[in-house]
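The structure appears right after this line, and notes come after that.
Protein chains get the first letters and strands the later ones, always in sequence-line order, with residue 1 at the start of each.
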Amino acid sequence: MAGERVETDEGRYDYAQVERKWQEAWVAADMYRTPVAGNRPKYYMLTMYPYPSGDFHVGHWYAMTPADTYARYKRMRGHDVLFPIGFDAFGLPAENAAIKRGIHPRVWTMGNIDRMRAQLRTMGTMFDWAREVVTCQPEYYRWNQWFFLQFLKRGLAYKKHAPVDWCPSCQTTLAREQVVGEDRRCERCDTPVIRKDLDQWFFRITQYADELLSFDGLDWPERVKAMQTNWIGRSEGTQFRFEVAEESFDVFTTRIDTLYGCSFAVLAPEHPLVERIVTAEQREAVAAYTSQATRESDTERMSTTRERTGVFTGAYAKHPMTGQPIPVWIADYVLVTYGTGAIMAVPGHDERDFDFATRYGLPIPRVIEGGELPYTGDGKVVNSGPYTGLDSEAAWNAIADELERRGIGRGTVQYRLRDWLISRQRYWGTPIPVIYCDKCGIVPVPEADLPVILPPDAEFRPTGESPLLHDQAFLNTTCPQCGGPARRETDTMDTFVDSSWYMCRYVSPHDEAAPFDRLAADQWLPVDTYTGGIEHAILHLMYMRFFTKAMRDLGLVSFSEPALRLRNQGIILGENSEKMSKSRGNVVNPDDLVARYGADVVRMFLMFIGPWDQGGPWNSRGIEGIVRFQQRLWRSCLDAAAASGGAHPADAGLRRALHQAIARVSGDMDRFAFNTAISALMTLLNEVGSYRDAGGNSGELLREVMSALTRMIAPMAPHQAEEMWRRLGGSGSVHLQAWPEPDADQLRQERVTVVVQVNGKVRDRVEVPVDAPEDEVRAAALASAKVQAALGGRPATKVIAVPNRLVNLVVG
RNA sequence: GCCGGGGUGGCGAAACGGCAGACGCGGGGGACUUAAAAUCCCAGGCCCCGUGAGGGGCGUGCGGGUUCGAAUCCCGCCCCCGGCACCA
């Protein structure tokens, strides 16, 4: 660790030499090995592991620099810190790139990982590489398979024939979460998805729908919580039965108070009952409508601007309250995938039902007072038999009670959340560990036979069928139960399975007996602070929460949430405030920046731009300010190392500025306000400059100040701080030093400046002894000519005094 | 439509209900230099008065309110960004 001194050119800081030297020294000293079973409090800092796309762009730097800075800060604050890294190495881009270049996805992926590891080292990050996790390796993905088998045993994994979303470009099914926007596009490639009916594997995330709505005890951004809450989409309502001759169907409604206003019912065209109740006269029209509705894409069907259409089935249901026959229609505005796939239509109090009734001449009764029809608000219930006169809420409860008493209805909760479709018809993923036997049916691969290895030589080009289907050696196997010939499942898992539990793998990344070691998990987990992009607000972050709850119910962990605190970085835009992209020509390459400015400057500038969750445009001139700061810092350091003067009248002021800075920077670091932490350090350095200008040259004080400043800047500029620490005579690594503590005594001043207001307007400032009694402050204020002028001879009727800050004189 | 986050100088931004604009960028003035770069110093919201030191008014998207005092809290709007949406 005892690095040689770097020769400097007339005091100019040579970042290239210093950074190279310390990066090598840190590796040699194994600086960032995670402590094993320390007696200091633990801190698990986690940043979302990157996808090995080939090169880090400046957005990765923006994401990772504060995470690294915070991990370093927590270590200096006395914690044992776990700060691991790995690669999210399965997934479509590897296949696509491999197809384009004719190389194997593994070769492409592992080559990228090598390059990205080197880039991460140039950032000066303190990742513990001994714990690196690469998800495309069998040592990792075997545990995906193991989890799948545990889920299967518990009914948390199941196979179902269902209408699913298919991306025609990626040639695979997708989870509902991977279909985005009003026009339902593939999250990855932006192609509109189509609907297919397929047998697919699902994880039963809906079992945790209610629990996923609770964020108690979590310090997560409001927008992430809101997005997940929206996505889960909980509605409380009533489910009840309509009878149609010998048949019946259930409907779900959130407005049971409007039941008397139900003048017809609507089934989704795909509803299984349609075929059984349709009358002979209507059969042809219904069949025509249904086949057209199924042929239409979701985009057309979901359009809110189109006319509502439907067809009468010829059947009548019995209104559960009035006993009146009401017509049963089919219409594509009722979705088979939500609720029961059937609704009671209340045209007087629902806009969609109103439009439909208007178009087809159905009656539109009013049962709630207020407004023009359709009136969708609450109010007094009318035309509702015995419930007439109640307000909506009372009627809601009373009608629901009656339905329940009569055994035809009950209060239920519906969620928009769907189970997580994990099957993918692609090559580069974890094989699903299931075997199909003609005799025994679906047979799980025995745990002892894991991992089911992804065959390295399969033809991986996408065809719409699973590539593994064409790999005979993989496909054909024997049944673990009867020993007869059998076939393997050829779909692979969604890569979001990999990232749902990787935070656990880091605690014991080489464990061969279990996905993770229970003792190590109890020591480190859950994650204390998790950082990453907002784009994962629903996908990864919800899946990870689901997995954690499932792991808890499997008895694997004792906590219910994976990460206690979440912080999302914003997006760094190009200099023209547009999204960075090659086609726009506004991409900022971090390697070029590091070559030109050094890692420390890039790190500091990215944190100085503004609040981290806000992102913002790159500013190639702004970075020069950080370069100047770096050089000033360096000169002040050399200066302090050489200073030999004694005590000076300005000492107290500088010492106070130091302790103010310590208090400020500590608070800013705690709350992830890196931009203001850096400005506080700049202010302190400016104070050092003023002290020198005033003639101060106390060697002892300057070294004390610069030592604290060096330690405070160490998490942000790790290389320069390490070099400065040596120049100031420090021993050991600066990164193993204790964070400076503010000293309240040093913050005390003899005299303070108090603002004097008259009627809330600032009129003057007076200097008084610290903690001066109110009388004295008031007297000083009244002694001011400016204050007297503002008072204009009127006496103060009221005096508000904030000690050491402000006095406000109120006149009539 | 529902939900969440925003709106402060030329720009990026600061500000436990208590001096709005810290810190930095850019531009302006000056020092050093033959000159430039680098570095350092000064001024720096807008408007008005004053030759000047200085003084006054206005000012945090808009309109109200609470308060001795509001960028900050409350009510009602406008605009921008993000999420959800024929979800019954």
Side-chain angles (χ1 to χ4, degrees), chain A residues 10-12 180-182 221-235 237-238 251-256 258 266 268 301-306 308 331-335 337-346 349-353 355-356 376 414-417 534-535 537-538 570 605 608-611 613-614 616-626 628-629 631-632 635 664 667 673 675-686 689 693 753-765 786 789 796-802 805-811:
Chain A
E10 297 171 75
R12 191 158 179 90
V180 296
E182 214 173 330
E222 281 308 317
R223 59 177 169 164
V224 173
K225 294 192 279 186
M227 282 163 80
Q228 291 200 5
T229 302
N230 278 344
W231 185 260
I232 293 165
R234 183 182 201 274
S235 337
T238 309
V251 298
F252 172 75
T253 179
T254 54
R255 287 301 301 273
I256 197 65
T258 65
V266 187
R301 223 181 126 168
M302 308 271 282
S303 164
T304 48
T305 53
R306 63 178 278 163
R308 293 190 200 297
D332 62 7
Y333 79 91
V334 175
L335 308 176
T337 49
Y338 183 78
T340 61
I343 60 157
M344 68 169 197
V346 182
H349 306 287
D350 180 283
E351 283 177 27
R352 294 154 299 180
D353 298 344
D355 292 346
F356 193 82
T376 56
Q414 289 292 336
Y415 300 92
R416 189 166 50 240
L417 181 68
I534 187 73
E535 68 274 16
I538 296 174
F605 180 58
F608 184 66
I609 287 176
D613 58 358
Q614 199 175 295
W618 177 258
N619 182 335
S620 56
R621 277 202 286 215
I623 197 169
E624 297 294 342
I626 300 293
R628 292 199 269 265
F629 173 59
Q631 295 298 336
R632 276 204 308 274
R635 286 195 298 273
R664 179 97 193 267
N675 57 329
T676 51
I678 292 174
S679 40
L681 292 170
M682 288 174 168
T683 304
L684 177 58
L685 188 62
N686 291 346
D693 288 349
T753 302
V754 166
V755 169
V756 183
Q757 297 182 334
V758 175
N759 282 349
K761 281 187 192 293
V762 178
R763 294 301 178 184
D764 202 359
R765 294 166 183 83
K786 288 178 195 167
T797 53
K798 193 171 176 183
V799 178
I800 313 294
V802 181
R805 295 194 81 146
L806 171 142
V807 57
N808 187 10
L809 307 172
V810 185
V811 297

Please report the distance, rounded to the nearest Å, between [atom1] in [X] and [atom2] in [N].
X: A/Arg12; N: B/A37; atom1: CZ; atom2: P; value: 15 Å
X: A/Ile800; N: B/C68; atom1: CD1; atom2: P; value: 7 Å
X: A/Arg805; N: B/C19; atom1: CZ; atom2: P; value: 7 Å
X: A/Arg234; N: B/C2; atom1: CZ; atom2: P; value: 21 Å
X: A/Ile678; N: B/G12; atom1: CD1; atom2: P; value: 18 Å
X: A/Tyr338; N: B/A88; atom1: OH; atom2: C1'; value: 7 Å
X: A/Arg352; N: B/A85; atom1: CZ; atom2: P; value: 14 Å

Taking the side chain of [X] as its heavy atoms from C-beta onward, which of [options] lies nearest to it?
X: A/Phe608; options: B/C23, B/G18, B/C25; answer: B/C23
X: A/Arg763; options: B/A14, B/G57, B/C23; answer: B/G57
X: A/Trp231; options: B/C23, B/A85, B/A88; answer: B/A85
X: A/Gln614; options: B/A88, B/C23, B/A13; answer: B/A13
X: A/Val755; options: B/C19, B/C25, B/A15; answer: B/C19
X: A/Ile538; options: B/G18, B/G83, B/C23; answer: B/G83
X: A/Asp350; options: B/C68, B/G12, B/A88; answer: B/A88
X: A/Ile343; options: B/C23, B/C84, B/A88; answer: B/A88

If you measure from the [atom1] atom in [N] to the same atom in [M], how many Å do you get, rounded?
N: B/C11; M: B/G65; atom1: C1'; result: 34 Å
N: B/C62; M: B/A71; atom1: C1'; result: 14 Å
N: B/C58; M: B/U51; atom1: C1'; result: 25 Å
N: B/C16; M: B/C73; atom1: P; result: 11 Å
N: B/G69; M: B/C48; atom1: P; result: 30 Å
N: B/C49; M: B/G61; atom1: C1'; result: 31 Å
N: B/G21; M: B/G9; atom1: P; result: 14 Å
N: B/A22; M: B/C87; atom1: C1'; result: 49 Å

* Taking atom CD of A/Glu535 as the centre, report whether more than 12 heavy atoms of other residues, nucleotides or ligands fall under 6.0 Å from it. => yes
Output yes when at least one side-chain N/O atom of [X] is less than 4.0 Å from OP1 or OP2 of [N], else no.
X: A/Gln414; N: B/A88; answer: no
X: A/Arg628; N: B/A38; answer: no
X: A/Lys761; N: B/C58; answer: yes
X: A/Arg635; N: B/C40; answer: yes
X: A/Ser235; N: B/A88; answer: yes
X: A/Arg223; N: B/G6; answer: no
X: A/Arg632; N: B/A38; answer: no
X: A/Lys786; N: B/G54; answer: no
X: A/Asn808; N: B/G18; answer: no

Exercise. Does the pair A/Glu222/A/Lys225 count as a salt bridge with the N-to-O cut at 4.0 Å?
Worked result: yes
How would you label the contact of [X] with the nucleic acid (heavy atoms, under 4.0 Å): base, sugar-phosphate, or nothing?
X: A/Tyr415; value: nothing
X: A/Val802; value: base
X: A/Asp355; value: nothing

Find the partner of [N]: check Watson-Crick (N1-N3 plus N6-O4 or O6-N4) and G-U wobble (N1-O2, O6-N3) distances, both under 3.5 Å, and reply none if neither fits.
N: B/G63; result: B/C75
N: B/G82; result: B/C3
N: B/G12; result: B/C23
N: B/G45; result: B/C58

### Message
Could you check whether the side chain of A/Gln757 and the base of B/G18 have a donor-acceptor pair of N or O atoms closer than 3.5 Å, going by distance alone?
### Response
yes
*asked:* Regarding B/C25, can its base be found pairing with the side chain of A/Arg621 as donor and acceptor, where the two atoms are less than 3.5 Å apart?
replied: no
Using every non-hydrogen atom in the two residues, find where A/Val346 and A/Asp353 come nearest and quote the distance to one decimal.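 Closest pair (atom of A/Val346, atom of A/Asp353, distance): N-OD2, 2.8 Å.
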> For A/Gly760, does its backbone N or O pair with a side-chain atom of A/Asn808 as donor and acceptor, under 3.5 Å?
Replying inline: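 Yes.
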Note to self: When you measure from the side chain of A/Thr376 to the backbone of A/Asp350, do you find a donor-acceptor pair of N or O atoms at a distance under 3.5 Å?
What the structure shows: no
Whichever of A/Gln228 and A/Asp353 has the more 5' nearest nucleotide on RNA chain B, that residue is A/Gln228
Between A/Asn675 and A/Gly760, the residue closer to the 5' end of RNA chain B by nearest nucleotide is A/Asn675
Nearest-0.5 Å distance, [atom1] of residue [X] to [atom2] of residue [Y]:
X: A/Thr254; Y: A/Phe252; atom1: OG1; atom2: CZ; answer: 6.0 Å
X: A/Asp764; Y: A/Gln757; atom1: CG; atom2: CD; answer: 12.0 Å
X: A/Thr253; Y: A/Gln414; atom1: OG1; atom2: CD; answer: 11.0 Å

Glycosidic torsion of B/G9 (syn if within 90° of 0, anti otherwise) classifies it as syn
